[in-house]
Protein chains: 2
Amino acid sequence: MNEIGLLEKVLPGLQQHPSVYLGPGDDCAALDLGTDRLLLAAVDQVVGDVHYLRNRTSPERVAAKLLKRNLSDIAAMGGEAKWALLALASNNPADEWFTAFYEGLRLCAEKYGISLCGGDLASLPSGKTAEVGSLTILGIVEQDCICLRSGAVEGDLLMVTGQLGASFETEHHLDFEPRLAAGRFLAESGFARAMIDISDGLLLDATRLGIASAQAIQLDVAALPLRANATAAQALGDGEDYELLFALAADSFDDLVEEWPFDFELTCIGRFVSGKPGDILDNDNEKLTENYKSGYEHTSK
Amino acid sequence: MNEIGLLEKVLPGLQQHPSVYLGPGDDCAALDLGTDRLLLAAVDQVVGDVHYLRNRTSPERVAAKLLKRNLSDIAAMGGEAKWALLALASNNPADEWFTAFYEGLRLCAEKYGISLCGGDLASLPSGKTAEVGSLTILGIVEQDCICLRSGAVEGDLLMVTGQLGASFETEHHLDFEPRLAAGRFLAESGFARAMIDISDGLLLDATRLGIASAQAIQLDVAALPLRANATAAQALGDGEDYELLFALAADSFDDLVEEWPFDFELTCIGRFVSGKPGDILDNDNEKLTENYKSGYEHTSK
């Protein structure tokens with residue numbers, strides 16, 4: 001199943017009510033509640049032996065990953081995460097797996113102040129053993145704060161939080177901290193003019209930012225903040241970094257560096273330039289997607 | 001997996017923020033938005049060969065069932081359904097299955113005025129073929145309209161819409177109409193003092209209404225509105241009726257019958273009485289759950 005191609009086929013046909021401020025195609029949907037605050041909503045899944053190795057990953061960590069993936073989407077909109085609903089399909093005969101999963105989810109929800117307010121359990125047919133968990137996250141963001149993928153203009157800097165690459169090998173994809181506080185800071189301060197979280201790989205997610213903002217991007221591969229032992233190719237293509245990628249007005253760079261209150265890195269890795277929207281170019285204006293795999297879609301591991 | 005037992009184990013441990021007006025344990029969660037309207041949220045799943053027969057049920061009908069199950073939960077709270085998010089895990093190699101599923105969902109969403117505003121697609125590991133779809137429904141209800149499972153008092157009548165039993169054999173579980181308009185009518189008019197939708201079988205769902213309202217229920221089995229060819233045992237235990245079961249003040253019966261604007265049945269099938277909360281008694285005060293299976297949980301078909 002080619003997710004991107006399929007979605008391009010079906011999404012344009014969906015009718016959206018005027019109350020849908022922002023529909024499919026960003027990290028979250030944003031829904032108009034008739035007040036100055038928008039409701040953010042997103043859903044994400046974890047599937048056994050696709051998003052984690054069933055024989056190596058504890059249910060507690062799987063549950064935490066599922067919630068944190070969704071929190072990262074709220075962070076990318078500059079929002080505050082509030083409520084979550086869980087759907088879990090399993091035929092794991094061990095109640096211990098389930099109670100451990102739920103305990104991991106409970107602890108992670110408490111850590112981030114999320115109320116797990118609803119859910120559904122279903123059985124899988126006998127003989128099917130891969131659990132499927134899906135979690136819907138709901139949050140709130142002020143209309144004048146929300147960060148969309150669109151909004152970058154020519155000359156803006158492309159900035160990234162933290163480090164990139166080798167997420168799976170280092171178990172960063174399980175242990176990461178969603179950048180909720182950084183997302184709020186970048187949204188409330190107005191520094192982020194467009195934002196996305198890196199879940200499917202820098203190249204693919206930067207392309208999305210470029211397309212939504214109708215800009216090309218010149219990327220400085222030598223500037224990429226690499227996770228220990230990661231290569232530039234991994235930083236560009238691996239995915240599951242759950243870092244924030246955002247557009248910053250060039251003349252705000254010094255202010256942001258001075259005001260940055262977090263202990264993780266903040267790096268300028270490129271610039272929005274004129275060109276075909278979504279093209280990612282290197283310093284010689286060669287298309288980077290020609291030399292590196294163009295991003296990451298989850299397949300069986 | 002025993003859903004009810006497991007949930008009883010984990011749900012009490014979940015911390016709910018004060019903004020959670022109503023947490024797990026009713027048809028929807030209700031979330032306080034700081035206005036006079038509450039956000040309703042629920043999630044439900046369909047699993048191939050559990051909730052439908054994969055070799056007999058078109059993807060369009062599966063998708064419509066998934067949305068309508070969720071709409072039935074909004075109806076049971078007296079709410080207005082507005083937005084939905086879909087998570088789908090599949091390794092069906094045929095894009096046709098997926099596009100047909102989405103088309104069915106689109107048409108059903110348009111019919112009921114729902115905006116499908118977000119979603120996620122995931123692959124299942126190779127060799128696993130049962131699709132898992134989960135859908136989160138979001139809706140709105142005025143705080144002074146919301147119908148909870150609690151609220152029935154001794155002497156109230158137990159009322160049901162439509163007909164019961166043999167839902168699977170008759171394909172009612174695919175073709176049903178969620179009782180959105182009836183739910184709104186019963187909530188806005190104030191007729192329904194407590195309400196639930198019948199998804200897991202009359203006996204089990206009536207028990208839930210009784211427990212939440214701290215009442216026993218005397219049920220008149222002879223009065224059950226049976227679907228064609230259905231037995232009383234099927235009406236009591238089968239589930240997937242997606243009808244509304246609600247408490248009505250006895251002295252409002254005539255008014256409700258007079259004002260009832262719908263062309264489907266409305267039947268009094270019992271009465272809330274003093275006794276052990278959740279007990280369902282027959283006309284001889286014998287516990288009905290001794291003679292009939294006590295409700296329905298989805299298992300592989």
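Residue numbers start from 1 in every chain, and the chains themselves are labelled A, B, ... in the order their sequence lines are given, proteins ahead of strands.
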- [ ] Over 60° means perpendicular and under 30° means parallel, so classify the ring planes of B/His172 and B/Phe176, tilted if in between.
- [x] tilted
Less than 4.5 Å to any heavy atom of chain A: does that hold for the side chain of [X], its backbone, both, or neither?
X        : result
B/Ala41  : both
B/Val47  : side chain
B/Leu135 : neither

TODO: Considering only NZ, NE, NH1 and NH2 on the basic side and carboxylate oxygens on the acidic side, decide whether B/Asp27 and B/Arg149 come within less than 4.0 Å.
DONE: yes
Open item on the list: Using a strict threshold of under 4.0 Å (side-chain N to carboxylate O), is an ion pair present between A/Lys65 and A/Glu171?
Closed with: no
Task: Per-residue contact mode, A/Glu110 against chain B (heavy atom under 4.5 angstrom) - done: side chain
TODO: Could you tell me which non-hydrogen atom of A/Asp120 sits nearest to which non-hydrogen atom of B/Gln45, and how far apart they are?
DONE: OD2-NE2, 3.0 Å
Open item on the list: Can you give me the closest heavy-atom contact between A/Ala89 and B/Val132, atom names plus distance?
Closed with: CB-CG1, 3.9 Å
For the interface with chain A, which of [options] has the highest count of heavy-atom pairs at distances below 4.5 Å?
options                               : value
B/Arg106, B/Glu103, B/Gln16           : B/Gln16
B/Leu39, B/Asp26, B/Ile140            : B/Leu39
B/Leu138, B/Leu105, B/Leu22           : B/Leu138
B/Ala109, B/Ala87, B/Gly113, B/Gly118 : B/Ala87

Open item on the list: Given A/Asp73, which partner from the list A/Asp44, A/Val43, A/Leu40 fulfils the side chain to side chain contact (heavy atoms under 4.5 Å, CB included) test?
Closed with: A/Asp44
